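A quick write-up on the structure given underneath.
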Amino acid sequence: QVQLVESGGGLVQAGGSLRLSCAVSGSIFMINAMGWYRQAPGKQRELVASITSGGTSNYADSVKGRFTISRDNAKNTVYLQMNSLKPEDTAVYYCNAELLDRVLINRDYWGQGTQVTVSS
């Protein structure tokens with residue numbers, strides 16, 4: 001089975017920083033794209049940042065210049081460094097991995113979510 005385990009969320013004051021991590025384990029053949037999504041109460045889940053296996057990254061306009069996504073392929077881990085946090089960043093953050101499992105089936109997998117709360 002494939003599992004995604006997230007960590008790093010918490011409560012931080014506006015202007016502060018947090019680093020989220022997501023480790024993928026299980027019957028993995030290859031991880032393609034990885035990303036971070038977030039969902040605030042009453043709102044739809046939105047893509048925050050994504051990164052391909054080759055290291056190409058994309059960001060939502062709202063986080064450009066503040067957040068950085070990275071991955072360690074040897075550890076099957078993706079990170080989200082969040083700087084200059086704003087109250088508007090408050091949400092549950094979910095890790096996503098698009099991967100081929102050991103029988104070459106392409107699927108999306110999701111982490112359990114980690115709460116990020118930014119106080120003013």
Side-chain angles (χ1 to χ4, degrees):
Q1 293 184 342
V2 175
Q3 294 179 308
L4 280 66
V5 180
E6 302 172 349
S7 62
L11 175 64
V12 65
Q13 291 184 322
S17 298
L18 287 171
R19 191 180 78 150
L20 307 182
S21 64
C22 174
V24 183
S25 63
S27 300
I28 303 164
F29 178 76
M30 181 179 70
I31 301 176
N32 188 10
M34 304 183 78
W36 290 94
Y37 293 72
R38 66 187 181 188
Q39 188 168 23
K43 296 186 177 181
Q44 294 185 343
R45 188 172 299 186
E46 64 174 346
L47 177 66
V48 177
S50 64
I51 186 167
T52 68
S53 60
T56 301
S57 59
N58 289 283
Y59 299 91
D61 288 341
S62 60
V63 306
K64 286 181 179 177
R66 300 188 298 121
F67 291 10
T68 302
I69 189 169
S70 61
R71 63 192 287 173
D72 184 338
N73 290 331
K75 296 181 178 180
N76 290 333
T77 300
V78 63
Y79 305 92
L80 185 67
Q81 179 67 45
M82 303 184 293
N83 300 135
S84 302
L85 282 162
K86 304 175 181 179
E88 305 93 273
D89 297 318
T90 296
V92 177
Y93 284 70
Y94 297 90
C95 177
N96 171 265
E98 177 193 338
L99 58 85
L100 293 173
D101 62 20
R102 295 289 290 180
V103 293
L104 305 183
I105 297 175
N106 193 325
R107 300 183 188 275
D108 280 347
Y109 293 86
W110 293 89
Q112 78 281 3
T114 184
Q115 177 70 48
V116 172
T117 302
V118 184
S119 63
S120 60

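From a predicted model like this one, the values you see are computed outputs, not experimental measurements. Side chains are part of it too, since the values below use all heavy atoms of this structure and drop only hydrogens, waters and symmetry mates.
In plain terms, the two heavy atoms of M34 and N76 that are nearest each other are CE-O, 4.4 Å. Nearest heavy-atom pair, V5 versus Q112, reported as atom, atom and distance to 0.1 Å: CA-OE1, 3.9 Å. Summarising the geometry of S120 relative to A14, their closest heavy-atom pair is CA-CB, 4.3 Å, with the distance given to 0.1 Å. Between A91 and Q115, the shortest heavy-atom distance links the atoms O-NE2, 3.4 Å. The minimum heavy-atom distance between L18 and L85, with the atom names listed, is N-CD1, 3.9 Å. Minimum interatomic distance between I31 and L99 (heavy atoms only, all atoms of both residues): CA-CB, 3.8 Å.
Put simply, CD on E46 and CD on Q39 are 9.5 Å apart, with the number rounded to the nearest 0.5 Å. Rounding to the nearest 0.5 Å gives a distance of 7.5 Å between OG of S27 and CG of D101. To the nearest 0.5 Å, atom CG of residue N106 and atom CG of residue N32 are 7.0 Å apart. Expressed to the nearest 0.5 Å, how far OH of Y59 lies from CG of L80 amounts to 7.5 Å. Going from atom CG of L100 over to atom CD1 of I105 covers 9.5 Å, rounded to the nearest 0.5 Å. In this structure, the separation between CH2 on W36 and CD1 on I69 is 8.0 Å, given to the nearest 0.5 Å.
V92 and V118 fall into different hydrophobic clusters, where Ile, Leu, Val, Met, Phe, Trp and Tyr residues are linked whenever their side-chain heavy atoms come under 4.5 Å apart, directly or through other members.
For the pair V116 and L20, the minimum side-chain heavy-atom distance is below 4.5 Å. Two residues are said to be in side-chain contact when any heavy atoms from C-beta on lie closer than 4.5 Å; Y109 and R107 meet this criterion.
Taking a cutoff of 4.0 Å between a charged side-chain nitrogen and a carboxylate oxygen, D89 and K86 do not qualify as a salt bridge.
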| query | Checking side chain to side chain contact (heavy atoms under 4.5 Å, CB included) for the pair Y79/T68: CA distance, chi angles, key distance, verdict? | reply | CA-CA 8 Å; Y79 305 92; T68 302; over 6 Å; no
| Yes or no on side chain to side chain contact (heavy atoms under 4.5 Å, CB included) for Y37 and L47, after CA distance, side-chain angles and deciding distance? | CA-CA 4 Å; Y37 293 72; L47 177 66; 3.5 Å; yes
| Going through the checks in order, is the side chain to side chain contact (heavy atoms under 4.5 Å, CB included) test met by R38 and V63? | CA-CA 12 Å; R38 66 187 181 188; V63 306; 4.0 Å; yes
| task | Start with the C-alpha distance between M30 and L104, add both sets of side-chain angles, then the distance that settles side chain to side chain contact (heavy atoms under 4.5 Å, CB included), and finish with yes or no. | result | CA-CA 9 Å; M30 181 179 70; L104 305 183; over 6 Å; no
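In this structure, W110 and Y94 have perpendicular ring planes: the angle between them is above 60°, well past the 30° mark.
The main-chain N or O of T52 is found under 3.5 Å from a side-chain atom of R71 such that the two form a donor-acceptor pair. Looking only at distances, a side-chain donor or acceptor of E6 sits under 3.5 Å from a matching main-chain atom of G113. Side-chain N or O atoms of R66 include one that pairs as donor or acceptor with a backbone N or O of S84 at under 3.5 Å.
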